[in-house]
Amino acid sequence: MAPSHALKGCKKTFSWVPVLFINLVLGWSYYAYVVELCVFTIPNNAERISYLVVFHVFFTLCLWSYWKTVCTRPARPTSTFCLPKAEKELYEKEERKETQQEILKKVARNLPVYTCMTEGAIRYCHHCQVIKPDRCHHCSTCEMCVLKMDHHCPWVNNCVGFSNYKYFLLFLIYSVLYCIVIFATVIRYFIQFWNKQLPDTHAKFHVMFLFFVAAMFFISILSLFCYHLWLVGKNRTTIEAFRAPVFGSGPDKNGFSLGFNRNVTEVFGERKNVWMFPVFSSLGDGHSFDTRLVHIDHEQAKDILRQNGKSPVNSETCCALSNSIHHSAESSNKIGHRDIGDNTKENPKPLTVMP
């Protein structure tokens, strides 16, 4: 038991090495730019001050976004998605998978679960003992289920998901802009040092190396940034880009796409004045999402939760979404809510619950 705990402790400690590396690079770049370039190399005060102002704006936003991504704890499913005590005991005693699925389907009828396993089974996490909300996945590194999980990023030592995906995107944006600022302002002095037009001082190494590092990071981060911009436009996570979510009608890689503008708003929110700042503004609560076929009604969700004796989430963390349900004939696609030919005819509209 002791070696296992020691191994976990070592693993947890070493997981911070990439974070330390990123901060060392940012710290050195700050010293190289501010001290070696602006203080010791640039002779003109007006140029020096203008460079420092622009540099500090992007440095601050980059560092702020980075640490918000690192420090924001991934959001996990609420107790609403846990099995009630009676059903949990039945599930654990039952050995037949078919019967276990019937138990899960019974509980899932009052939950906004529209996706399922490839074979049509309810997505249930045995580690966390919860029915997985749509777009939720279990992270083996964080040892928890993460709402709208995108990926586990070692460079931030954290899962990127619903609670911090906007911060991660902003970090990529400001990292690219940070590299551009350095590249654009340093290149003049890089050429002068290269052509020996400036004296060979200790600043030469820092300025020339800063130029190469900025160019290298710009190329690598730009490709990742463009990929995530594409994901935002399609309303997909990295996981969904590789494995399409499965609905009642089958896999649909565009199942959560609501059009470019709506997709962007879902991540950045409706308040455009805070889009470019690392403050939370994403829509919803991470448990339920609009799809191309079904739109979640916020008020109806709260009413049904009250009827079921469950507390709805804080209204401040939810946004009232569209109050319409399109293609009601597709209501049978809602996993675990009703079987075809059973209650579908009596209740053509699917239950829409926002836990």
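Owing to the predicted nature of the structure, the values given are computational and were not obtained by experimental measurement.
- Looking at His138 and Cys128, their side chains come closer than 4.5 Å, going by heavy atoms from C-beta outward.
- With respect to Glu266, the salt bridge (Lys or Arg N to Asp or Glu O under 4.0 Å) criterion is satisfied by exactly one of Arg236, Lys166, Lys234, Arg135: Arg135.
- Side-chain atoms of Arg271 never come within 3.5 Å of backbone atoms of Ser281 as a donor-acceptor pair (strictly under, hydrogens ignored).
- Heavy atoms of other residues, nucleotides or ligands lying less than 6.0 angstrom from CZ of Phe277 number 12 at most.
- Considering every non-hydrogen atom in both Glu47 and Ile42, the closest pair reads OE1-CG2, 3.7 Å.
- When all heavy atoms of Pro199 and Phe193 are compared, the closest pair comes out as O-CE2, 3.5 Å.
- The closest donor-acceptor contact from the side chain of Asn164 to the backbone of Cys159 lies under 3.5 Å.
- Summarising the local packing, CE of Met216 is surrounded by more than 12 heavy atoms from other residues, nucleotides or ligands at distances under 6.0 Å.
- For the atom pair NE2 (His126) and CD (Gln129), the distance works out to 9.5 Å, reported to the nearest 0.5 Å.
- Aromatic ring orientation, Phe247 versus Phe256: tilted (interplanar angle from 30° to 60°).
- At least one side-chain heavy atom of Thr78 sits less than 4.5 Å from a side-chain heavy atom of His287.
- Residues Asp252 and Arg292 form a side-chain contact, since some pair of their non-hydrogen atoms from C-beta on lies under 4.5 Å apart.
- The pair Glu94-Arg96 meets the salt-bridge criterion, with a side-chain N (NZ, NE, NH1 or NH2) lying under 4.0 Å from an Asp/Glu carboxylate O.
- The structure places OG of Ser163 at 7.0 Å from CG of Asn158, a figure rounded to the nearest 0.5 Å.
- There is a path of hydrophobic side-chain contacts, each under 4.5 Å, that joins Phe242 to Leu231.
- Rounding to the nearest 0.5 Å gives a distance of 10.0 Å between CD1 of Ile103 and CD of Gln101.
- Note on ring orientation: taking the six-membered ring where Trp is involved, the planes of His228 and His151 are tilted (angle from 30° to 60°).
- Within the 4.5 Å cutoff, no side-chain heavy atoms of Thr237 are placed close to those of Tyr165.
- For Thr265 against Asn261, the heavy-atom pair with the smallest separation is OG1-O, 2.8 Å.
- Looking at Asp134 and Thr115, their side chains do bring a donor and an acceptor atom within 3.5 Å of each other.
- Judged by distance alone, with hydrogens and angles left aside, the side-chain atoms of Ser223 form a donor-acceptor pair with the main-chain N or O of Ser220 at under 3.5 Å.
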Inset, instruction - Decide yes or no on side-chain contact (heavy atoms from CB on, under 4.5 Å) for Val207 and Phe211, but give the supporting numbers first. - result: CA-CA 6 Å; Val207 172; Phe211 178 85; over 6 Å; no
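- Across every non-hydrogen atom of Gln100 and Tyr91, the tightest pair is NE2-O, 3.3 Å.
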Legend entry - Audit row: Gln192, Lys204, side-chain contact (heavy atoms from CB on, under 4.5 Å) steps and yes/no: CA-CA 10 Å; Gln192 290 180 3; Lys204 179 179 179 179; over 6 Å; no
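- A pairwise comparison of heavy atoms in Cys142 and Cys139 identifies N-SG, 3.3 Å as the closest pair.
- Within the structure, every pair that satisfies the side chain to side chain donor-acceptor pair (under 3.5 Å) test and touches residues 65-75, not counting sequence neighbours, is listed here: Asn23-Trp67.
- Taking Tyr167 as the reference, nothing meets the ring-ring contact (aromatic ring centres under 6.0 Å, His included) condition, with sequence neighbours excluded.
- No side-chain N or O of Glu143 forms a donor-acceptor pair with one of His127 less than 3.5 Å apart.
- Between Glu119 and Lys97 there is no salt bridge, since none of the side-chain N atoms of the basic residue sits less than 4.0 Å from a carboxylate O of the acidic one.
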Inset, instruction - Kindly indicate, with the supporting measurements, whether the criterion side-chain contact (heavy atoms from CB on, under 4.5 Å) is fulfilled by Phe280 and Phe162. - result: CA-CA 10 Å; Phe280 186 80; Phe162 175 76; 3.7 Å; yes
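- The main-chain N or O of Cys38 is found under 3.5 Å from a side-chain atom of Arg48 such that the two form a donor-acceptor pair.
- Counting side-chain heavy-atom gaps under 4.5 Å among Ile, Leu, Val, Met, Phe, Trp and Tyr, the cluster of Ile239 also holds Met144, Val146, Met149.
- Under the rule for a ring-ring contact (aromatic ring centres under 6.0 Å, His included), the partners of Tyr30 that lie at least two apart in sequence or sit in another chain are Phe55, His56, Phe59.
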Expected list for residues 170-184: side-chain donor-acceptor pairs under 3.5 angstrom, two or more places apart:
| residue | atom | partner | partner atom | Å |
| --- | --- | --- | --- | --- |
| Tyr174 | OH | Met276 | O | 2.4 |
| Ser175 | OG | Phe171 | O | 2.6 |
| Tyr178 | OH | Ser29 | OG | 2.7 |

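- Summarising the geometry of Phe81 relative to Pro112, their closest heavy-atom pair is CZ-CD, 4.0 Å, with the distance given to 0.1 Å.
- Annotation: side chain of Leu83 is in contact with side chain of Tyr124 (closest heavy-atom distance under 4.5 Å).
- If you look at Phe212 and Phe190, their ring centroids are closer than 6.0 Å.
- The hydrophobic cluster containing Ile219 also contains Trp155, counting ILVMFWY residues as joined when their side-chain heavy atoms lie under 4.5 angstrom apart, directly or transitively.
- Inspection of the Thr185 and Tyr33 side chains reveals an N or O donor paired with an N or O acceptor under 3.5 Å.
- Within 6.0 Å of CH2 in Trp230 there are more than 12 heavy atoms belonging to other residues, nucleotides or ligands.
- A donor-acceptor contact shorter than 3.5 Å links the side chain of Trp275 to the backbone of Phe268.
- Looking only at side-chain heavy atoms (C-beta outward), Glu102 and Glu98 stay at 4.5 Å or farther from each other.
- Leu283 and Val160 are assigned to two separate hydrophobic clusters, defined by single-linkage of ILVMFWY side chains at heavy-atom distances under 4.5 Å.
- For the atom pair CG (Leu37) and CZ (Arg188), the distance works out to 10.0 Å, reported to the nearest 0.5 Å.
- Distance alone, capped at 3.5 Å, places no donor-acceptor pair between the Asp150 side chain and the Gly161 backbone.
- Within a 6.0 Å radius of CD in Glu95, no more than 12 heavy atoms belonging to other residues, nucleotides or ligands are found.
- In this structure a side-chain-to-backbone donor-acceptor pair under 3.5 Å is missing from Asn235 to Asn263.
- For Ser15 (side chain) and Lys12 (main-chain N/O), a donor-acceptor pair under 3.5 Å exists by modelled atom type.
- Glu240 places no side-chain N or O within donor-acceptor distance of the main-chain N or O of Lys253, the cut-off being under 3.5 Å.
- The aromatic rings of Phe40 and His202 sit perpendicular, their planes meeting at an angle over 60°, well past the 30° parallel limit.
- The shortest distance between side-chain heavy atoms of Leu147 and Pro77 falls below 4.5 Å.
- Partners of Tyr51 according to the ring-ring contact (aromatic ring centres under 6.0 Å, His included) rule, which considers only residues two or more places apart in sequence or in another chain, do not exist here.
- Hydrophobic clustering, with ILVMFWY side chains joined whenever heavy atoms are under 4.5 angstrom apart, keeps Trp28 apart from Val17.
- Taking NZ of Lys88 as the reference point, atom SG of Cys82 lies at 7.5 Å (rounded to 0.5 Å).
- Both Ile191 and Val186 sit in one connected hydrophobic cluster of ILVMFWY residues. Membership requires side-chain heavy atoms under 4.5 Å apart, directly or through other members.
- At most 12 non-hydrogen atoms from other residues, nucleotides or ligands lie less than 6.0 angstrom from CZ of Phe260.
- Taking the side chain as every heavy atom from C-beta outward, Val107 and Pro84 approach each other to under 4.5 Å.
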